[in-house]
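The structure presented is a predicted model; accordingly, all values stated were derived computationally and were not measured.
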Amino acid sequence: MTIDARALEKRDLLYLAADGGQGVYQALHANGWNTLIARSIEEARTLADTRRLSLGLVEFDSLPSSKALLGLAGNCPPDMHWIALLKSDSLCRHEVREEVSQVCYDYHTLPIDLDRLQITLGHALGMASLRRRQRHSTKNDNPSLGLVGNSLALKALRQRITRLAVSDAPVMIAGESGTGKELTARALHHLSRRSEGPFVAVNCGALPASLIQSELFGYERGAFSGANQRVIGKIESANRGTLFLDEIGDLPQQLQVNLLRVLQEHSIQRVGGHVDIPLDLRILAATHIDLERAVAEGRFREDLYYRLNVLHLEMPPLRERVEDIELLAEYFFEAHAKEKRGGIRGLSPKAVKAMRLHAWPGNVRELINRMRGAMAVSEHALITPEDLGLGHLMQEAGGYSLEQIRAQAEIGALKRSLSQSSGTISLAAKRLGISRATLYRLMDKHGLQVAADGSNPQAAPPRLDNVAQYVPTPRKTSPCSAASAPPAPRQRVQEAAACSLRPPQRGGHYRR
């Protein structure tokens, strides 16, 4: 029989016991545990930090105060698991139950049953090691991309980014607000042959209309009042690198003409200048609006649309990456660790469940904001659903499936936004941080319609055909035929409505 060498290795364990716990120490040491004894909280903190420990055993009744464990755990590595040793009658006290449930992975009642304790310790160490390896693999899974998650949607996105990065053709990155379009653009740049060159990002929707031309193209000295020196514009500064035009749908019509010339001639003229300046750059563009609809309505040039949309990337919304939510939350918890209140160790299981139930209309940007807010105000060792502003989801969760709960959350958000916007679709979409096309799709999915007078949205009357029988309108060969353009992107309704929201598959462990 072959014995795995790792099974014979000593497993590190921090044992906090005021009296030294020699009896427990000897028993654990004889069974393969490299037990490090700490007789005070300060000593335990030092050992946990210097030895990078993953597991701790603490005699709860020997702690100096009922809140000592909370303070200890808050100053140790966040992925360290604690097992409490305590008397059975100690669990009769509310403050003990609360602290143990918030801080500890598990507990063991005295007197010690060594076999049972070893099983508990083994489970805890295994889970701590698994979480540490998962975080490590997530951070190092193609670090040039910086996209956190292991969902199928994100893996497919990474693969497509890798394929498109080798080309110099323009890329259009589409997706809802907050999905990480600029992060994806940076990944394309870092994986391309232009990675040593500059990456220049421009938010077309944030530049004042009166300054956008000079910001993008630069200007010569004396071009206008106050132009005392030559200034290089954003486009020229991206030469030999990558230019990222965010919110390209907000670019004014006149600037669309100028940008089209850049794409055709590969050169620019500064404002007030007469010399063509040759350019060698790649252009990436992003939008959260439906550009095909904008073309059909005459708000965006058709020729520019085709010049920019040579290659296409679609960013998946967070609600389609449910299995990534916990990983993202842990990643941002560590990234903003300096902002957290002392003693907070991470997320409670209920908080994770609430986050999986939430519809996330603001996507990853909303998740970051909720995490930072919870880290600043939480008074618990583990962040609760209430800290995240998601407590209502747990109250509504009883007896319903994940799909039903998330659907109700989406419907509630849609109704509130439409009501507050008096039925104005563009304002409602802006409130939710999504495109109008996405709002139309969600309204159709849940059977919502707005009355002509802008009153509260109501459920649409039952259809004679069900989703499976629905025949979509054929897609137009050209998006610019405004006269025949449908009022909403109906072509994708069947696919979106028929797609079920699958609950994530989670592993479990046995806990005594």
Side-chain angles (χ1 to χ4, degrees), residues 14-18 38 40-42 44-45 48 53-112 116-117 120-121 123-125 127-128 131 326 329-330 333 337 339-357 370-398 508-512:
L14 175 61
Y15 180 28
L16 174 57
S40 67
I41 290 178
E42 290 73 19
R45 288 173 180 167
L53 299 175
S54 299
L55 183 60
L57 180 66
V58 54
E59 290 188 358
F60 188 87
D61 295 309
S62 66
L63 293 174
S65 69
S66 61
K67 296 296 182 181
L69 181 58
L70 183 63
L72 171 62
N75 289 277
C76 290
D79 52 4
M80 186 172 183
H81 285 342
W82 288 92
I83 308 297
L85 291 177
L86 72 172
K87 300 173 183 176
S88 297
D89 56 2
S90 298
L91 294 173
C92 297
R93 293 153 50 196
H94 170 74
E95 63 273 15
V96 173
R97 294 195 304 271
E98 182 180 21
E99 188 165 3
V100 171
S101 64
Q102 288 185 5
V103 175
C104 296
Y105 172 84
D106 208 339
Y107 66 91
H108 185 91
T109 54
L110 300 173
I112 290 177
R116 187 163 61 89
L117 178 60
T120 302
L121 292 172
H123 285 172
L125 181 62
M127 288 300 296
R131 291 171 69 89
E326 185 174 0
E330 291 176 349
F333 181 84
E339 300 178 12
K340 72 182 179 72
R341 188 185 60 79
I344 301 178
R345 298 180 56 242
L347 291 160
S348 68
K350 288 185 178 181
V352 173
K353 182 178 180 181
M355 294 173 81
R356 288 176 175 270
L357 296 175
R370 287 187 182 272
M371 282 296 300
R372 293 180 67 183
M375 291 165 64
V377 304
S378 178
E379 298 180 353
H380 307 90
L382 299 177
I383 292 172
T384 66
E386 289 73 21
D387 297 329
L388 293 164
L390 302 176
H392 62 285
L393 293 177
M394 300 304 294
Q395 298 172 5
E396 300 168 359
H509 59 272
Y510 176 74
R511 180 179 297 180
R512 291 185 177 271

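The side-chain contact (heavy atoms from CB on, under 4.5 Å) check on E386 picks up T384, with sequence neighbours excluded. Partners of S101 by side chain to side chain donor-acceptor pair (under 3.5 Å), not counting sequence neighbours: none found. In this structure, the side chain to side chain donor-acceptor pair (under 3.5 Å) partners of S54, at least two apart in sequence or on a different chain, are R132. The side-chain contact (heavy atoms from CB on, under 4.5 Å) search around A381 returns L70, Q102, V103, not counting sequence neighbours. By the salt bridge (charged side-chain N to carboxylate O under 4.0 Å, His left out) test, R372 is found to be paired with E339, residues two or more places apart in sequence or in another chain being considered. Listed by chain and number, the residues in a side-chain contact (heavy atoms from CB on, under 4.5 Å) with A351 are L347, S348, P385, L388 (sequence neighbours excluded).
Separation of atoms CZ (R116) and NE2 (H108) is listed at 4.0 Å; rounding is to 0.5 Å. Distance check: E98 CD to R93 CZ gives 12.5 Å after rounding to the nearest 0.5 Å. Atoms CD1 and CZ, from I383 and F333 in turn, are 5.5 Å apart once rounded to the nearest 0.5 Å. Expressed to the nearest 0.5 Å, how far CZ of R45 lies from CD of E42 amounts to 6.0 Å. The CG atom of L117 sits 8.0 Å away from the CD1 atom of I83 when rounded to the nearest 0.5 Å. Atom NE2 of H380 and atom CD1 of I344 lie 10.0 Å apart (nearest 0.5 Å).
Closest non-hydrogen pair, L14 versus A38, comes out as CD1-CB, 4.0 Å.
No side-chain heavy atom of D106 sits under 4.5 Å from any side-chain heavy atom of H123. A heavy-atom distance below 4.5 Å is not found between the side chains of L55 and M80. Using a 4.5 Å heavy-atom cutoff, the side chains of M355 and L393 are not in contact. No side-chain heavy atom of V100 sits under 4.5 Å from any side-chain heavy atom of W82.
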For the pair L91 and L86, evaluate side chain to side chain contact (heavy atoms under 4.5 Å, CB included) and give the outcome as yes or no after the intermediate values. CA-CA 8 Å; L91 294 173; L86 72 172; 3.7 Å; yes
Checking side chain to side chain contact (heavy atoms under 4.5 Å, CB included) for the pair R97/Y107: CA distance, chi angles, key distance, verdict? CA-CA 10 Å; R97 294 195 304 271; Y107 66 91; over 6 Å; no
